[in-house]
Amino acid sequence: AQSVTQPDIHITVSEGASLELRCNYSYGATPYLFWYVQSPGQGLQLLLKYFSGDTLVQGIKGFEAEFKRSQSSFNLRKPSVHWSDAAEYFCAVGGLEYGNKLVFGAGTILRVKS
Amino acid sequence: DTGVSQNPRHKITKRGQNVTFRCDPISEHNRLYWYRQTLGQGPEFLTYFQNEAQLEKSRLLSDRFSAERPKGSFSTLEIQRTEQGDSAMYLCASSPFDVPYGYTFGSGTRLTVV
């Protein structure tokens with residue numbers, strides 16, 4: 001089955017510390033990969049996306065993600081977390097087999113402690 | 001460009017009642033999507049329009065659900081005979097035809113069925 005797995009339901013990091021959120025996908029062909037962020041009661045905002053080319057992708061708010069085909073992963077990273085980064089983060093996959101829709105992981109809630 | 005607008009933001013209804021939500025996409029976007037997000041889960045695809053044509057429906061969209069986009073602009077999602085299991089956040093997104101997965105999400109409508 002084609003799916004997206006985010007193994008960590010909650011992560012807590014100290015402000016200023018580095019962050020890595022994990023995402024693994026199961027997809028037969030070349031995937032299109034996305035990270036979205038959602039603040040409480042809000043819609044989803046795109047952080048970054050990977051379609052092809054350079055496997056290290058830069059996004060907004062200082063986030064980056066690396067596509068590793070051999071590990072079927074697309075982990076999100078940030079070198080120094082700010083309190084305003086506290087939110088829920090969703091990894092998503094799209095591709096030809098999905099048509100125009102995205103399949104989302106269950107999300108990871110990030111808490112930032114001062 | 002005021003983004004994707006969804007109304008109402010919150011709806012509380014009694015089981016068995018009908019509810020209707022509205023989504024106003026970004027004006028130049030001809031693609032419109034509905035997703036449902038339950039607590040602790042990522043968004044799940046419900047249906048997709050290109051202009052006024054409903055091109056895809058998920059099997060999650062039971063007979064009690066209907067969506068329309070009559071003039072290729074705003075869209076409505078109606079749920080008849082609501083059940084407690086319908087309680088969720090209903091998210092709308094729009095995208096331009098020529099930008100793959102160029103989603104802009106609205107802030108969602110939170111439905112609570114009591």
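Looking at A:Leu102, the atoms closer than 4.5 Å to chain B (heavy atoms on both sides) sit in the backbone and in the side chain alike. For a residue to count as touching a neighbouring chain, one of its non-hydrogen atoms must lie under 4.5 Å from one of that chain's; by this rule B:Tyr101 touches chain A with backbone and side chain alike.
Contacts between residues 46-60 of chain B and chain A, counted as heavy-atom pairs separated by less than 4.5 Å, involve B:Tyr48, B:Glu56.
A:Phe34 places none of its side-chain heavy atoms less than 4.5 Å from the side chain of B:Tyr103.
Interface check for chain B: of the options A:Lys101, A:Gln6, A:Gln38, the most heavy-atom pairs under 4.5 Å are formed by A:Lys101. Looking only at heavy-atom pairs under 4.5 Å with chain A, the residue among B:Gln37, B:Gln6, B:Arg9 that has the most is B:Gln37.
Considering every non-hydrogen atom in both B:Leu91 and A:Gly43, the closest pair reads CD2-CA, 4.2 Å.
Residues B:Tyr90 and B:Tyr33 do not share a hydrophobic cluster, defined by chaining ILVMFWY side chains whose heavy atoms lie under 4.5 Å apart. Hydrophobic cluster membership is shared by B:Phe105 and A:Phe90, with clusters built from Ile, Leu, Val, Met, Phe, Trp and Tyr side chains linked at under 4.5 angstrom. A:Ile11 and A:Val81 fall within a single hydrophobic cluster, where Ile, Leu, Val, Met, Phe, Trp and Tyr are joined by side-chain heavy atoms under 4.5 Å apart, directly or via other members. The hydrophobic cluster containing A:Val13 also contains A:Leu21, counting ILVMFWY residues as joined when their side-chain heavy atoms lie under 4.5 angstrom apart, directly or transitively. No continuous path of hydrophobic side-chain contacts links B:Leu32 to B:Phe74 [ILVMFWY only; heavy atoms under 4.5 Å].
The 12-atom threshold is not exceeded at CG of B:Leu39, counting heavy atoms of other residues, nucleotides or ligands nearer than 6.0 Å. A:Arg77 CZ: more than 12 foreign heavy atoms inside a 6.0 Å radius.
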